[in-house]
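I have placed the structure first, in the form of structure tokens, so that the comments after it can refer back to it.
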Amino acid sequence: QLQLAESGGGLVQPGGSLRLSCVASGQTSSIGAMGWFRQAPGKDREFVVAISWRGGPTYDKDSMKERFVISRDNRKNTAYLQMNNLRPEDTAVYFCAAAEEWSSPHAATSYRYWGQGTQVTVSS
């Protein structure tokens with residue numbers, strides 16, 4: 001089994017930045033990819049960005065790729081989401097997820113493991 005724990009959310013003003021972290025524990029050798037999704041109130045869960053865990057590509061949603069950047073530290077079993085120039089419409093619960101393979105990384109159904117989420121609120 002694999003457990004994921006997000007942190008780093010909070011309240012930020014428009015134009016500000018936040019860095020989210022997702023720490024994996026347990027059977028970390030099974031990680032093939034990690035992704036970030038978000039869900040705003042009353043909306044469906046939305047893909048943000050994903051990264052291959054064993055080296056190689058990232059996959060960004062076009063509308064976010066200039067502001068949201070994913071990175072990883074394999075030694076720490078941690079994925080990061082750097083969010084810049086935040087907007088009120090970025091307000092959501094942000095979830096990290098882990099998959100055993102790099103396959104259709106934009107699809108939530110590709111991920112077997114999910115964290116509990118961390119709230120990000122962008123407001124003045």
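Just so you know, these numbers come straight off a predicted model, no measurement behind them.
- Side-chain contact between Thr91 and Val120 is absent, with no heavy-atom pair separated by less than 4.5 Å.
- You'll find the side chain of Pro14 reaches within 4.5 Å of the side chain of Pro88, heavy atoms only.
- Cation-pi contact between Arg72 and Tyr80: absent, since separation from the ring centre below 6.0 Å together with deviation from the ring axis within 45° is not met.
- There is a path of hydrophobic side-chain contacts, each under 4.5 Å, that joins Leu81 to Val12.
- Listed here is the closest heavy atom pair of Ala99 and Ser110: CB-O, 3.3 Å.
- A 4.5 Å side-chain heavy-atom check between Gln39 and Tyr94 finds every atom pair outside the cut-off.
- How far SG of Cys96 is from CD1 of Ile70: 9.0 Å, rounded to the nearest 0.5 Å.
- The shortest side-chain heavy-atom distance between Met83 and Arg67 does not fall under the 4.5 Å cut-off.
- Hydrophobic clustering (ILVMFWY, side-chain heavy atoms < 4.5 Å, transitive): Met34 and Val69 are in distinct clusters.
- Here the shortest heavy-atom pairing between Val122 and Arg87 reads CB-O, 3.2 Å.
- For the pair Leu2 and Thr28, the minimum side-chain heavy-atom distance is below 4.5 Å.
- Between Leu4 and Glu6, every side-chain heavy-atom pair lies at or beyond the 4.5 Å cut-off.
- Among residue pairs with one or both ends in residues 23-44, those qualifying as ring-ring contact (aromatic ring centres under 6.0 Å, His included) are Phe37-Phe47, Phe37-Tyr111, Phe37-Trp114; sequence neighbours excluded.
- Once rounded to the nearest 0.5 Å, the distance linking CZ of Arg38 with NZ of Lys43 reads 8.0 Å.
- Defined by atom type and a distance below 3.5 Å, a donor-acceptor pair is missing between the side-chain atoms of Thr78 and Asp73.
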